[in-house]
Every structure is written in structure tokens, then in C-alpha cells.
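Contents: one structure, followed by commentary.
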Amino acid sequence: MIIDAILTARSVLAEHLPVPDGVRIRSLRTHKDTRGDFTELFRDEWDLGPRPLQWNMTHSNANVLRGVHTHRWHTDYLAMAAGEMILGLHDIRPRSPTLGVSLLLRLQAEDLHVVAIPVGVAHGFYFAEPAITLYAVSHYFDGSDELGCRWNAPELDLPWPCDDPLLSERDTTAGSYSAMIADWQSGARA
Ligand SMILES: Cc1cn([C@H]2C[C@H](O)[C@@H](COP(=O)(O)OP(=O)(O)O[C@H]3O[C@H](C)C(=O)[C@H](O)[C@H]3O)O2)c(=O)[nH]c1=O
């Protein structure tokens, strides 16, 4: 069953489950009181990868899938502000010890964790219900660093819990997995 392939961030940390090399997951501490709550999202001292230069917020409707994308230069750093995301990860770096490793990770605003995704780890965000994602990037937005492939390319080995997600025009017309690999390797650093 697909649902069995989806791990919570908490279980990955608790059971020391393998993730693509360089992916960092950290549990965030929420301080609750009678007014609500307070959670630190980022501390440079946490050493989760390159420092964020830009923060973004995305509202996603139900059944939206953003991706699958990968980058040559910038790291993504994300947490859920509301709702839940199924984060798909897949390592495409030829020299990585986790080349080809795939993972579906459940991120929940109700159990806050932050995830840092390094260059060369392809990723997609699936939202079964409306959700709000906060994410930072280590470089300013540059469309030339936006690589990707079809969300359901078999080579990704990502059993997404959806059949017909709502995609952007860009993701609808995304190319093949092999084209993404060639594109990435033509200019990658890692
Ligand atoms: C990323 C970005 C986008 N935009 C504009 C460009 C488009 O008009 C609109 C939506 O952008 P896009 O369709 O690229 O958004 P996503 O499909 O959610 O993709 C983004 O989130 C996935 C998961 C990624 O990994 C990508 O790096 C990132 O592009 O926001 C900006 O103005 N600044 C930005 O930094």
C-alpha cells in the first residue's frame, strides 16, 4: 500500500532511517501558552546547510503537486505553517553515497519539523488538503536554476498518494527524467 511508503519526519529521526545524503531534518520546539504558541524556525547555529537568503510562503489548494524540481545552486529549507505536505525526495548526484535513494516524508504543521534539501536532491511537494508552506532558499530566485521532470517519472521511484494532481503549466509540460539528469550534470557543482 502506498501509505506504508510515507514516513513521518518524527519516525525518520526516531528510527534513524536513511535519507538522501545532505538532507537535514530537525524537530522544532513549540512553546504553547494561553495566547497560542511560539516556534523558532531557523537558527544559523543549527548548521542545516547554507544560510537562507530569501523566504517564501506558498498557499496550496487540495490535490496540488509542486515539482518534481531540482537545483544546481540553491538549497531549499522548508516547514509547514498549516496543514500537511508529502515531500518526495530522490538523489540524482552521481558521486553521492545515496545516489538513487527515494523517500516520501510526511511534514505536518501539527508536529513541526524543518527539512533542508541540498542541490541535486530532486523534490516534489504534494498537498492532499489546503496547506501553507514556509520555505527559504540559499540563493535569490533564478529561473535558470529551476530544473525538473514529470512528477510521476518511474525513475524517481516515488509512489505518490495521488493519481491526477493539480500541476502548474511548467510542471505539466516538464520533460523526462533523463533530460533532467543531463541538464543537471551539464552545470552541477556537487
Ligand atoms: C520560486 C519563486 C517563484 N516566484 C514566482 C514565479 C511564479 O510566477 C510563481 C510560482 O512559481 P513556481 O511555479 O516556480 O512555484 P512552485 O511550482 O511552487 O516551485 C517552487 O517550489 C518548488 C517546490 C521548487 O523546488 C522550486 O524551486 C520553486 O520554483 O512565483 C517568485 O517570484 N520567486 C520565487 O522565488
Side-chain angles (χ1 to χ4, degrees), residues 6 9 19-25 41-42 48-93 96 101-109 113-153 155-158 160-162 164-177 179-181 183-190:
I6 300 174
V19 297
D21 187 48
V23 167
R24 297 283 183 270
I25 303 172
L41 274 183
F42 173 82
L48 294 177
R51 288 183 181 170
L53 270 191
Q54 172 188 320
W55 279 91
N56 309 312
M57 177 171 69
T58 61
H59 288 76
S60 298
N61 297 323
N63 197 38
V64 160
L65 195 150
R66 298 172 183 266
V68 166
H69 306 146
T70 196
H71 315 299
R72 294 194 191 99
W73 319 122
H74 77 261
T75 295
D76 289 304
Y77 179 93
L78 57 109
M80 297 307 294
E84 173 178 297
M85 169 201 290
I86 303 299
L87 170 61
L89 298 170
H90 174 80
D91 190 347
I92 68 167
R93 299 163 295 183
S96 167
V101 167
S102 299
L103 178 72
L104 286 179
L105 195 60
R106 188 186 304 276
L107 298 182
Q108 301 159 299
H113 289 73
V114 68
V115 179
I117 307 171
V119 298
V121 175
H123 48 275
F125 302 170
Y126 177 67
F127 307 91
E129 297 300 332
I132 301 174
T133 310
L134 297 177
Y135 78 95
V137 287
S138 58
H139 295 64
Y140 294 122
F141 179 49
D142 174 352
S144 70
D145 195 27
E146 292 298 334
L147 288 60
C149 72
R150 282 287 296 163
W151 65 279
N152 56 358
E155 302 91 336
L156 292 170
D157 193 23
L158 289 172
W160 294 108
C162 57
D164 183 21
L166 181 61
L167 303 169
S168 66
E169 178 62 30
R170 163 191 164 198
D171 292 339
T172 301
T173 57
S176 66
Y177 179 88
M180 174 179 72
I181 298 295
D183 197 5
W184 189 79
Q185 289 180 344
S186 68
R189 279 180 181 165

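Ligands are counted one by one from 1 in listed order, and the atoms in each one are counted from 1 as well.
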| query | Which residue and non-hydrogen atom of the protein lie closest to atom 16 (P) of ligand 1, and at what distance in Å? | reply | Arg66 NH1, 3.8 Å

| field | For Arg170, atoms of ligand 1 separated by under 4.0 Å from a heavy atom | value | 14 (O), 19 (O), 29 (O)

| query | Looking only at protein heavy atoms, which one is nearest to atom 25 (O) of ligand 1, and how far off is it? | reply | His123 NE2, 2.8 Å

| Nearest neighbour in protein (non-hydrogen) for atom 23 (C) of ligand 1 | Phe125 CE1, 3.2 Å

| request: Determine whether the side chains of Ser102 and His90 contain a donor N or O and an acceptor N or O closer than 3.5 Å. | output: yes

| field | Ser168-ligand 1 polar pair, N/O distance under 3.5 Å | value | no

| said: For Phe127 and Phe125, take the angle between the two ring planes, folded into 0 to 90°, and tell me which bin it lands in: parallel under 30, tilted 30 to 60, perpendicular over 60. | reply: perpendicular

| request: Using protein heavy atoms only, decide if any is under 4.0 Å from atom 10 (C) of ligand 1. | output: no

| said: Checking a contact table here: which protein heavy atom is nearest atom 17 (O) of ligand 1, and how many Å away? | reply: His69 CE1, 3.7 Å

| field | Any N or O of His71 closer than 3.5 Å to N or O of ligand 1 | value | yes

| message | Quick one: does any side-chain atom of Asp171 pair with a main-chain N or O of Gly67 as donor and acceptor, under 3.5 Å? | response | yes

| said: I'd like to check atom 1 (C) of ligand 1 in this structure: does the protein have a heavy atom lying under 4.0 Å from it? | reply: yes

| said: Give me the residue, atom name and distance of the protein heavy atom closest to atom 34 (C) of ligand 1. | reply: Phe141 CG, 3.3 Å

| Rounded to the nearest 0.5 Å, how far does CD1 of Ile132 lie from NE2 of His59? | 3.5 Å

| said: Any protein heavy atom at under 4.0 Å, with atom 28 (C) of ligand 1 as the reference point? | reply: yes

| message | Determine whether His71 and Asp76 satisfy the following criterion, side chain to side chain donor-acceptor pair (under 3.5 Å), listing intermediate values before the conclusion. | response | CA-CA 9 Å; His71 315 299; Asp76 289 304; 3.0 Å; yes

| request: Could you tell me if any non-hydrogen atom of Tyr135 lies under 4.0 Å from any atom of ligand 1? | output: yes

| Any idea which protein heavy atom is nearest atom 26 (C) of ligand 1, and the distance to it? | Glu146 OE1, 3.2 Å

| task | Can you see which heavy atom on Ala122 is nearest to which on Ile92, and at what distance? | result | CB-CG2, 4.4 Å

| request: Please say whether more than 12 non-hydrogen atoms of neighbouring residues, nucleotides or ligands are located less than 6.0 Å from CZ in Arg51. | output: no

| field | atom 35 (O) of ligand 1 - nearest protein heavy atom and its distance | value | Gln54 NE2, 2.9 Å

| task | First locate atom CG of Leu166, then atom CG of Leu65, and finally report the distance between them rounded to the nearest 0.5 Å. | result | 9.5 Å

| message | Less than 4.0 angstrom from a charged side-chain N to a carboxylate O is my criterion; do Asp183 and Arg72 meet it? | response | yes

